[in-house]
Amino acid sequence: MTTGPEFTGVRQAEFDAMAGEHTQAAGRLEQLAQALYGELQGAGLDTSPAVRLRELAGRVTAQAEDLRRRQKLVHELDRRKVAFGVSTPAGSFLKVPDTLEAARGLLDGTLAGRAALKGADGDARALAELEKYASRTGDAEFAKVFLSVLGAGGVTRLPGSLAVRLREAASRGDSDRVARLSASGKQALRMLSTALAKGTDPKNPAYMGAGFLRSLAKEGRKEHKAGDTKYAGYQAQALIWRAHDGKTPFSKEFMEVVGRDAVVYEQERYKSRWAASKDLLGRTFAGDQIPMFDLASSLGLGGLLRPGTHAGGPGAQTRSSVVDDLFHAASFGKDASQALLNHTPAGWKESVLDYMLTTRWNAFRYLDDYKPFNDVLIAATTGQDTTSQKLASEMTKILADEVRPAFAKGDDGNLSIKDRAAFDRFTPLGYPLARALAANIDQFSRLLLNHATFGKASAEDLSYALTLATANDAGFEALVRAQTEHMRAALDTVPPVGLTAANAEKLGFTKSDVKKFDFDEDGRVDKADIKQFLTDRTVAEARPFGHIVEIRHQTLIAQGLDGKKASDALKNMVRDGIGLFPVPGSRQLGEQVGQAFSGLVTSAYDKLTGFGYDALSKQIGQQAATQGRSMDEAHRTLGDNRVAVERLAEQMIATAMLNKGMLDEFALKDQSFAMGTPPRLKPFTEMTPQEYSQFLEWARVTGGSDDLMDRFHNTFRRTSHVDDYLDLQIPSSPAGDK
């Protein structure tokens, strides 16, 4: 037997003999152990030697079983002509992988690859054979061998062959064959997508190397032929991308090599025809910016080759472009999505993100399927990393510039839409834009409060972008949730009552913090100091809240909708007490805190720290909902979004005052929301909605939050900044109407 870096070489006859001798030896050892045990026990002697001999027999038996499994694989590899003999000076040896897993992967991967190649040549029985290996695609050894046998050419040819044969069967009216090919084709595409994601990821053991990636791109650009049908390789590969389920996300390296090239390839092929569609003749005879369809869509197959989609008739209107399918595959990972969007191809004057939002946007509109692109935008722009923020700011600026010309000031001074089509064409992007802004709520606040910049986006750009983001109901909810989290975090930066230089370190502060927060310079942070800083934070957070809600209000008016209606999302947030929760991981201080937040502040809740703002707030809401809580009955009477946000602010201010110890010294005797002797605050989870409402009233009157709410109200309802940024001059009106 000889060994190499990746395989062991064996002479088959000698290997068979060794396996047989091991099996015989194991049996003899077991017999000897049994006999010895009987002799020792009969003589009344220590039986431990027999026990040790039996253990040895067990180990040899296990080794013999392993050898028999290997022997069986060796015979199968040889019979199937998977492992080939190698001649050396020491004789001829059969190459066998060093592990059973690798050997099984070599065998199954080779057979599956051969079946796939036969299937690409039109062998229907081979496709049925391929299905037997569907469960193996999660194994790296299998995936690597499978792709090695197929090669980039086979990976491209198989979906092409499937699509063409399906079209032929459909054109002949052979429904049985259509059903069989559709089922086996979907399974084959699932296998290819799983294996390809693994094999093109440098971090995966199945990685095929950079050369394989380049070969995929080369095959993607080539013209292929199946029967009389010619197609671009990327049109076939796109069917694999669309079949992906995301369980092994495609890598950024795949998107950098194959994905980027596919985007450029479509642009090169379609640039001239898209340009022609914009001139008078093109508008007359073509008119639409038609994208490069994937092969199934080009052949009119509907969903017959799309896993997870009902296999309708060949004329069904399920259509996708190559780029749509690519974005579907990329959307399962942030790195893959960013690799596509955060790139400017050689010779281009615009980034891929800019190109998709402007030059290519009408191609998305042609198919009216925005989900793949929206999912990529969300994946690429909602992280807390530099690239996410860069892409989010770029999207904000681009879309603001696109929708700005759609608006004007109406006769009543409110926002009006002078070009409805210019606004409506980008409304499908409202939700991903809102998610991007929600994830960057810090930059949002700095733009408004500090005249900062967000990439190239100014506060005016932000305002016009918000017309799109807040017009989407789910987007508006995401922004309000994000700002709620931002305000809660801001209020939590205020120190507790009683902070001094002596206890600062224990409470997680520094001596310099004491000087910063000790407004009256008496050496101790008291209630008056905290009240001042709570006021500052409350006013600062009211401004972004007001911007979001007022622009939503103006956008609804411009669309001819009821701008005063309270959204159901905000009503639910008030009902569930979203503003009630303390910041995850915050220092729980004060005598009342332990009781009030009982059951709400948990280790699982604390682990939410690090989520994006809107995601964190949604998790909090889900936690409240699973407890069956209905904290605040005020949601039933909310008249508009302004009142709803003010109620959320009231919840947050009360929480902050409680959390910082500002309510500890006030008597709870005879209060409905108190319990026990001496009286203490009930857990919020045990309060009725009426008791909770009375608690908020007590905090306002006794703790002084009335003044804080008044400051919030005055800042929140001031709309002059929105008027300036959107070039409006809105007549003054009673506070309740604004």
Sub-6.0 Å ring centroid separation between Tyr725 and His547 = yes
Leu499 and its side-chain contact (heavy atoms from CB on, under 4.5 Å) partner, picked from Ile530, Val494, Asp529, Val525 = Val525
Given salt bridge (charged side-chain N to carboxylate O under 4.0 Å, His left out), test Asp632 with Arg647 step by step and report yes or no.
-> CA-CA 9 Å; Asp632 200 333; Arg647 187 67 171 187; 2.7 Å; yes
Residues that Asp710 engages under salt bridge (Lys or Arg N to Asp or Glu O under 4.0 Å), provided they are two or more places apart | none
Verify whether one side chain among Thr510 and Asp513 offers a donor that lies under 3.5 Å from an acceptor in the other.
-> yes
Arg552 (side chain) donor-acceptor with Thr470 (main chain) under 3.5 angstrom | yes
Please determine, by modelled atom types, if Asp442 and Ser445 share a side-chain donor-acceptor pair under 3.5 angstrom.
-> no
For Ser351 and His343, test the side chains for any donor-to-acceptor distance below 3.5 angstrom and give the result as yes or no.
-> no
Would you confirm whether Asp412, through its side chain, and Asn414, through its main-chain N or O, come within 3.5 Å as a donor-acceptor pair?
-> yes
Answer yes or no: is there a donor N or O on one side and an acceptor on the other, between the side chain of Thr719 and the main chain of Val722, under 3.5 Å?
-> no
When you check the side-chain N and O atoms of Asn641 and His553, is any donor under 3.5 Å from an acceptor?
-> no
Short question: side chain of Glu691, backbone of Phe673 - any donor-acceptor pair under 3.5 Å?
-> no
Going by atom types only, do Gln389 and Asp385 share a side-chain donor-acceptor pair under 3.5 Å?
-> no
Tell me the ring pair (Phe, Tyr, Trp, His ring centres under 6.0 Å) pairs involving residues 631-661, sequence neighbours left out?
-> none
Test item: Gln651 side-chain N/O and Val574 main-chain N/O as donor-acceptor pair under 3.5 Å | yes
For the side-chain contact (heavy atoms from CB on, under 4.5 Å) test, which of Leu429, Thr381, Leu437 pairs with Met395?
-> Thr381
May I ask you to decide if Leu726's main-chain N or O and Ser463's side chain share a donor-acceptor pair within less than 3.5 Å?
-> no
Between the main-chain N or O of Gln443 and the side-chain N or O of Asn440, is there a donor-acceptor pair closer than 3.5 Å?
-> no
Distance only, no hydrogens: is a donor on one side chain within 3.5 Å (strictly under) of an acceptor on the other, for Gln694 and Gln671?
-> no
Ignoring hydrogens and geometry, is there a side-chain-to-backbone donor-acceptor pair from Asp640 to Arg642 under 3.5 Å?
-> yes
